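Working notes, structure below.
On a predicted model such as this, the values are computed, not experimentally measured, just so you know. Atoms within each ligand, like the ligands themselves, are counted from 1 in listed order.
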Amino acid sequence: MASLSKDSSLPDYSEFIQRIYGMPNDRFYTLWDMLDNVQRFSMRCVKGIRKNNVEKTKHNAMIAFSWYTSLTNRLHINVDNAVWNRFPYLCSYCGEAPCVCQAEKVKARRKVVGKKSLKPRSVHDVQIMFARIYPPGTRTSEHAAIHLAEETGELSEAVHLYMSDRSKKYFKEVSIEAADYLSCIMGVLNSIGIDAGDELSRMFYNNCHDCHKLPCECTFRHVCNYRS
Ligand SMILES: [Zn+2]
Ligand SMILES: [Zn+2]
């Protein structure tokens with residue numbers, strides 16, 4: 001049996017998703033199918049915000065996060081490093097925590113230098129880091145959802161560009177957009193007061209969150225029709 005705890009790290013999570021879903025992902029899903037599912041569940045999460053439905057928002061955010069991890073696993077992106085390189089406990093644009101992009105009308109990206117000793121260890125700590133950089137009290141949950149939609153599009157665009165020439169340059173872009181996407185999933189969860197570490201341990205207490213098998217035995221059709 002495989003499970004996650006409240007203190008699981010991003011590498012623990014990537015490894016867990018690989019154990020449970022690596023085989024069905026390789027057999028059933030192309031990179032595009034996985035990207036499609038990231039988009040599908042991200043948009044369901046956005047809908048949850050519009051409907052003011054915390055349960056729907058949370059559940060779809062966690063499933064989007066899971067598909068995102070399958071996608072980054074397929075591309076062998078180290079999400080933990082990608083996030084830290086982009087957000088070293090500081091905003092990736094203004095280089096401050098909390099972010100001053102709006103207040104100071106920052107027009108150009110500043111040099112961002114973080115302290116390695118602050119690197120978060122668990123998913124829970126990564127979420128806290130994002131709450132410090134982008135305090136949820138300074139924006140509405142709708143704003144957080146719009147930002148998630150925007151970054152979902154940018155991740156998709158980066159994957160398309162990378163697949164058009166498979167160059168190092170565009171692979172780097174995918175890593176950057178993957179970090180931005182994760183910051184927005186955390187942003188939405190922060191805006192509705194949900195702890196990702198708690199949710200992961202609740203959802204993945206026993207293998208796949210749906211069929212509870214290792215590896216997952218959910219059929220392709222079942223996943224296509226999955227509603228939450
Ligand atoms: Zn900023
Ligand atoms: Zn399953």
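Residue pairs meeting the side-chain hydrogen bond (donor to acceptor under 3.5 Å, both in side chains) criterion with at least one partner in residues 204-217, sequence neighbours excluded, are Asp210-His222.
The backbone N or O of Ala64 lies less than 3.5 Å from no partner atom in the side chain of Gln39, so there is not a single donor-acceptor pair. Remark: side-chain polar atoms of Asp33 are paired, donor with acceptor, to backbone N or O of Thr30 under 3.5 angstrom. In this structure, the side chain of Ser66 does not engage the main chain of Met62 through any donor-acceptor pair within 3.5 Å. Judged purely by atom type and a 3.5 angstrom limit, Arg121 has no side-chain atom pairing as donor or acceptor with the backbone of Ser9.
In the displayed structure, Gln18 atom CD is contacted under 6.0 Å by more than 12 heavy atoms of other residues, nucleotides or ligands.
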N/O donor to acceptor pairs below 3.5 angstrom from side-chain atoms of residues 142-153, sequence neighbours left out:
from, atom 1, to, atom 2, distance (Å)
Thr152, OG1, Leu148, O, 2.7

From CA spacing to verdict: side-chain contact (heavy atoms from CB on, under 4.5 Å), Tyr89, Lys115: CA-CA 8 Å; Tyr89 238 100; Lys115 280 194 203 119; over 6 Å; no
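Using a 4.0 Å cut-off between a side-chain N of Lys or Arg and a carboxylate O of Asp or Glu, Glu199 and Lys6 do not qualify as a salt bridge.
Counting only protein atoms, the N, O or S atoms lying less than 2.8 Å from the Zn ion (ligand 2) are Cys208 SG, Cys211 SG, Cys216 SG, Cys218 SG, ordered by chain and residue number. Around the Zn ion (ligand 1), the protein contributes the following N, O or S atoms under 2.8 Å, ordered by chain and number: Cys91 SG, Cys94 SG, Cys99 SG, Cys101 SG.
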